[in-house]
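One structure is given here, and the rest of the page talks about it.
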Number of protein chains: 2
Amino acid sequence: MRLTRAGEYGIRCVLHLARHGKGTLVSRKEIAVRTDVPTHFLAKIAQQLSRAGIIEILQGANGGYRLLADPSEITLLSVIEAIIGEISLNDCVGRPESCHNSTLCSVHRIWNKANQQLRATLQETDFATLASEDACCLTPFPEADGHNRPIEKK
Amino acid sequence: MRLTRAGEYGIRCVLHLARHGKGTLVSRKEIAVRTDVPTHFLAKIAQQLSRAGIIEILQGANGGYRLLADPSEITLLSVIEAIIGEISLNDCVGRPESCHNSTLCSVHRIWNKANQQLRATLQETDFATLASEDACCLTPFPEADGHNRPIEKK
DNA sequence: CGATATAAGACTAAATATATCTTATATATC
DNA sequence: GATATATAAGATATATTTAGTCTTATATCG
Ligand code: SF4
Ligand code: SF4
């Protein structure tokens, strides 16, 4: 009953992009370092976010990721579900056919209710709000010009 | 983000016992067959329910399980958490020290809120209500005298 | 072209979930 | 006390999921 790391990392990634605003290109490396996510793992997560239409991926030198929508339009729920699929607290919520009793089951109804409630809470939250309220995900953002600059030369 | 099978099975077990009422002894085998749970798996789950003080286990011939409290006193939350531990939607909810940023993190606050909401919903639900609303968990209960009788001779 | 950065997917390792099996122990009944 | 029955406790096995890494290919800039 907990979020996977991939899901958590996806949120961090979008949140970091949200702090730069819609359309600003940020390198994978910077995101990875700033949000403490393994670089190659981030690559996979980004691909899922890309398929979901949340970010755009630019290849090549000076490539990176950028948000396709304004942070205020992106909900926590959409990011999470882009990574881990639709939230389902019990198997029978997402796949009622997995239990032949689901049409009669009183517990099933509770799960449906709780599941809907949870999804609603996550949908109410957008990334503009998240980005504005305090710092999240590690080191404060040092430069204010929105330019993508590596933190440290290697 | 979903309940384990052990958790689901624990609920079925308590629900079946709830249909017999507090204190009625029901054999492990009957519960296992009626709720479609592997017998030996049920044994482990029952031990966890026993440690949590929800059921009592009686050994020996004609042994079995019985509820220690009235079904109306037993919440869905208590049964679930007896099996899978305290619900924590994200790692940082249950262990804030797992992320050094949790005190500042805006996402963390959302998780805390959602987690508390979910637990509240599950706590509002008791097993007397669940048992009274429609049938759950497989075959209807054939005899009404509360007597523990095997379904089929083997 | 050469340097840089991501894409895509194979691969590995670890953790967890699920289930079974074996030996021990407790109780009722004869 | 002997026997049959039922659960206890824990070791073991298997499958699935999660988490992370590595390799090769591709795209873009200068
Ligand atoms: S018994 Fe009820 S709660 Fe459990 S899986 Fe079936 S429908 Fe869902
Ligand atoms: S970044 Fe925020 S939400 Fe993510 S683990 Fe840390 S405290 Fe929790």
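As the structure is a computational prediction, the values presented were derived from the model and not from experiment. Below, read A as the first sequence line, B as the second, and so on, with proteins coming before strands; counting in each chain starts at 1.
- Listed by chain and number, the residues in a side chain to side chain contact (heavy atoms under 4.5 Å, CB included) with A/Ala120 amount to none (sequence neighbours excluded).
- Between A/Arg51 and B/Thr39, the residue anchored closer to the 5' end of DNA chain C is A/Arg51, taking for each the nucleotide with the nearest heavy atom.
- Evaluation of the side-chain hydrogen bond (donor to acceptor under 3.5 Å, both in side chains) rule for A/Glu81 yields A/Arg119 as partners, not counting sequence neighbours.
- In this structure, A/Gln48 atom CD and C/dT6 atom P are separated by 17 Å, rounded to whole Å.
- Here the nucleotide nearest the side chain of A/Gln47, chosen from C/dT6, C/dA8, D/dT21, is C/dA8.
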Pairs under 3.5 Å (N/O, protein and nucleotides 15-19 of chain D):
from	atom 1	to	atom 2	distance (Å)
D/dA19	OP1	A/Arg2	NH2	3.3
D/dA19	OP1	A/Arg5	N	3.3
D/dA19	OP2	A/Arg5	N	2.9

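- Using a 4.5 Å cut-off on side-chain heavy atoms (C-beta onward), A/Leu122 and A/Ile87 make contact.
- The interatomic distance linking A/His40 (NE2) with D/dT23 (C1') rounds to 9 Å, in whole Å.
- Using modelled atom types, no side-chain atom of A/Asp70 and backbone atom of A/Lys22 make a donor-acceptor pair closer than 3.5 Å.
- Considering only side-chain N and O atoms, B/Arg28 lies nowhere under 4.0 angstrom from the phosphate OP1 or OP2 of D/dA6.
- If you measure from atom CG of B/Leu25 to atom P of C/dT27, you get 13 Å, rounded to the nearest angstrom.
- Applying the side chain to side chain contact (heavy atoms under 4.5 Å, CB included) test to A/Ala46 and every residue at least two apart in sequence or in another chain returns A/Ile55, A/Ile57, A/Tyr65.
- Applying the side-chain hydrogen bond (donor to acceptor under 3.5 Å, both in side chains) test to every pair with at least one member in residues 85-96 of chain A, sequence neighbours left out, gives these pairs: A/Asn90-B/Glu8, A/Asp91-A/Arg95, A/Asp91-B/Arg2.
- If you take CD1 of A/Ile55 and P of C/dT6, they are 11 Å apart, rounded to a whole angstrom.
- With rounding to whole Å, B/Ile57 atom CD1 is found 15 Å from C/dT27 atom C1'.
- Remark: A/Thr121 pairs with B/Gln117 by the side-chain hydrogen bond (donor to acceptor under 3.5 Å, both in side chains) rule, at least two apart or across chains.
- Distance, B/Ile45 CD1 to C/dA19 P: 9 Å, rounded to whole Å.
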Exercise for the section: Would you check, one step at a time, whether the test side chain to side chain contact (heavy atoms under 4.5 Å, CB included) holds for A/Trp111 with B/Leu3? Expected result: CA-CA 10 Å; A/Trp111 283 122; B/Leu3 188 68; 3.7 Å; yes

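- A/Gln116 is linked by a side chain to side chain contact (heavy atoms under 4.5 Å, CB included) to nothing, counting only residues two or more places apart in sequence or in another chain.
- Remark: A/Ala6 pairs with A/Thr4, A/Phe41, A/Ile45, A/Ile83 by the side chain to side chain contact (heavy atoms under 4.5 Å, CB included) rule, at least two apart or across chains.
- With rounding to whole Å, B/Lys29 atom NZ is found 12 Å from D/dT5 atom P.
- Taking atom CZ on A/Arg66 and atom P on C/dA5, their separation rounds to 17 Å, with Å as the unit.
- Among residues two or more places apart in sequence or in another chain, the side-chain hydrogen bond (donor to acceptor under 3.5 Å, both in side chains) test is passed with A/Glu56 by A/Arg66.
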Between protein and nucleotides 26-29 of chain D, what N or O pairs are separated by less than 3.5 Å?
from	atom 1	to	atom 2	distance (Å)
D/dT26	O2	A/Gln59	OE1	3.3
D/dA27	O4'	A/Gln59	OE1	3.0
D/dT28	O2	A/Ala61	N	3.1

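- Every side-chain hydrogen bond (donor to acceptor under 3.5 Å, both in side chains) that A/Tyr9 has, sequence neighbours left out, goes to A/Arg5.
- Under the Watson-Crick or G-U wobble criterion, with both distances below 3.5 Å, C/dC30 is paired with D/dG1.
- Looking at residues 80-98 of chain A, you'll see that no heavy atom sits under 4.0 Å from any atom of DNA chain D.
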